[in-house]
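Remember, it's 1-based here, ligands and their atoms both numbered in the order they're listed.
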Amino acid sequence: MQEPFTKSYRLENREQTARWGRRLGELLQAGDLIALVGDLGAGKTTLTKAIGQGMGISDPITSPTFTLVQEYYGKVPLFHFDPYRLKEPGDMFDLGFDEYFERSGVVIIEWADKISQLLPPERLTIELEIVPDTDPASEDTPRSLRVSAFGERYIALAEAI
Ligand code: ADP
Ligand code: MG
């Protein structure tokens, strides 16, 4: 596969992260795959909530850390995975992981690097990071966000954000 198309952003606070996520959510279509990468507290779940809002999902989005997957039904369904507690990547198939890609929804996966070998090559990968040396006492701290788009659909998507 070609080199990915990449783009970087700095999100100063939660509102900027939310706005960025809503914008992405508005652009998503059935079949899209978003792979989220970043440490605990980087903002993967926060971003997913905003993406869901942008998709017009009205149910509150919660972290699927214990359930591994949560399903939300809007105009386009959202399937939100969190394999953080997964013992081994192959256990994803017990959840019917591969079938989710046939269900005409948007798939968002936190900790996507834990199951990278299971992911279709065409996807939008979003890496989130707490900007180092920022005030840890503040409720809002900046994030760096890096998008890598693999495949034509995702390059167009990344360009449109
Ligand atoms: P993850 O799912 O990556 O473990 P969460 O989204 O659950 O991370 O947690 C991120 C935490 O950081 C939340 O408590 C959120 O309010 C806080 N936060 C502070 N500043 C930001 C920001 N700029 N963007 C996203 N989250 C932020
Ligand atoms: Mg999370």
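- Under a 4.0 Å criterion applied to the non-hydrogen atoms of T17, ligand 1 contributes the atoms 22 (C), 23 (N), 24 (N), 25 (C).
- Contact atoms of ligand 1 toward E110: 2 (O) (distance under 4.0 Å to a heavy atom of the residue).
- Taking the charged nitrogens against the carboxylate oxygens, K114 and E88 have no contact shorter than 4.0 Å, which rules out a salt bridge.
- Within ligand 1, the atoms closer than 4.0 Å to a non-hydrogen atom of G43 are 1 (P), 3 (O), 5 (P), 6 (O), 8 (O), 10 (C), numbered from 1 in the order shown.
- At a 4.0 Å heavy-atom cut-off, ligand 1 touches L11 through the backbone alone.
- Scanning the protein heavy atoms around atom 7 (O) of ligand 1, the nearest turns out to be T45 CB, 3.7 Å.
- Those atoms of ligand 1 with a heavy atom of D39 less than 4.0 angstrom away are 3 (O).
- Counting heavy atoms only, E139 comes closest to atom 19 (C) of ligand 1 of the residues E12, R10, E139.
- Checked against a 6.0 Å centroid threshold, the rings of Y100 and F81 count as neighbours.
- Within the 2.8 Å limit, D82 places no N, O or S atom next to the Mg ion (ligand 2).
- Residue L40 approaches ligand 1 through these ligand atoms, each under 4.0 Å from one of its heavy atoms: 4 (O).
- When all heavy atoms are compared, the tightest approach of R23 to A160 is NH2-O, 2.8 Å.
- Heavy-atom separations between K49 and ligand 1 are all 4.0 Å or longer.
- Taking 2.8 Å as the threshold, Y84 does not count as a candidate ligand of the Mg ion (ligand 2), since none of its N, O or S atoms lies below it.
- Considering I115, D82, L36 as possible partners of I109, the one that fulfils the side-chain contact (heavy atoms from CB on, under 4.5 Å) test is I115.
- Ranking the protein heavy atoms by distance from atom 23 (N) of ligand 1 puts T141 O, 2.8 Å first.
- Closest to atom 12 (O) of ligand 1, if we only count protein heavy atoms, is R143 NH2, 2.9 Å.
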Report task. For L27 and D32, run side-chain contact (heavy atoms from CB on, under 4.5 Å): C-alpha distance rounded to whole Å, both residues' side-chain angles, the deciding distance at 0.1 Å, then the answer. Result -> CA-CA 10 Å; L27 297 168; D32 284 342; over 6 Å; no
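- Scanning the protein heavy atoms around atom 16 (O) of ligand 1, the nearest turns out to be R14 CD, 3.1 Å.
- Residue nearest to atom 5 (P) of ligand 1, selected from T46, T65, I130: T46 (by heavy-atom distance).
- Looking at E110 and the Mg ion (ligand 2) together, the shortest N, O or S contact belongs to OE1.
- Salt-bridge check for R19 with E15: passed, with a basic side-chain N closer than 4.0 Å to an acidic carboxylate O.
- Contact annotation for L36 and ligand 1: no heavy atom of the residue comes within less than 4.0 Å of the ligand.
- Side-chain N or O atoms of D39 include none that pairs as donor or acceptor with a backbone N or O of A42 at under 3.5 Å.
- In this structure, G41 has a heavy atom closer than 4.0 Å to ligand 1.
- In this structure a side-chain-to-backbone donor-acceptor pair under 3.5 Å is present from R143 to T141.
- Between the K49 side chain and the P60 main chain, no donor and acceptor come within less than 3.5 Å of each other.
- In summary, the aromatic rings of Y72 and F79 are positioned with their centroids too far apart to meet the 6.0 Å limit.
- At least one donor-acceptor pair closer than 3.5 Å links the side chain of K44 to the backbone N or O of G38.
- Counting only distance, with no hydrogens or angles, the side chain of Y84 and the backbone of E110 share no donor-acceptor pair below 3.5 Å.
- Residue contacts with ligand 1 for N13 involve N, CA, C or O but no side-chain atom from C-beta outward (heavy atoms, distance under 4.0 Å).
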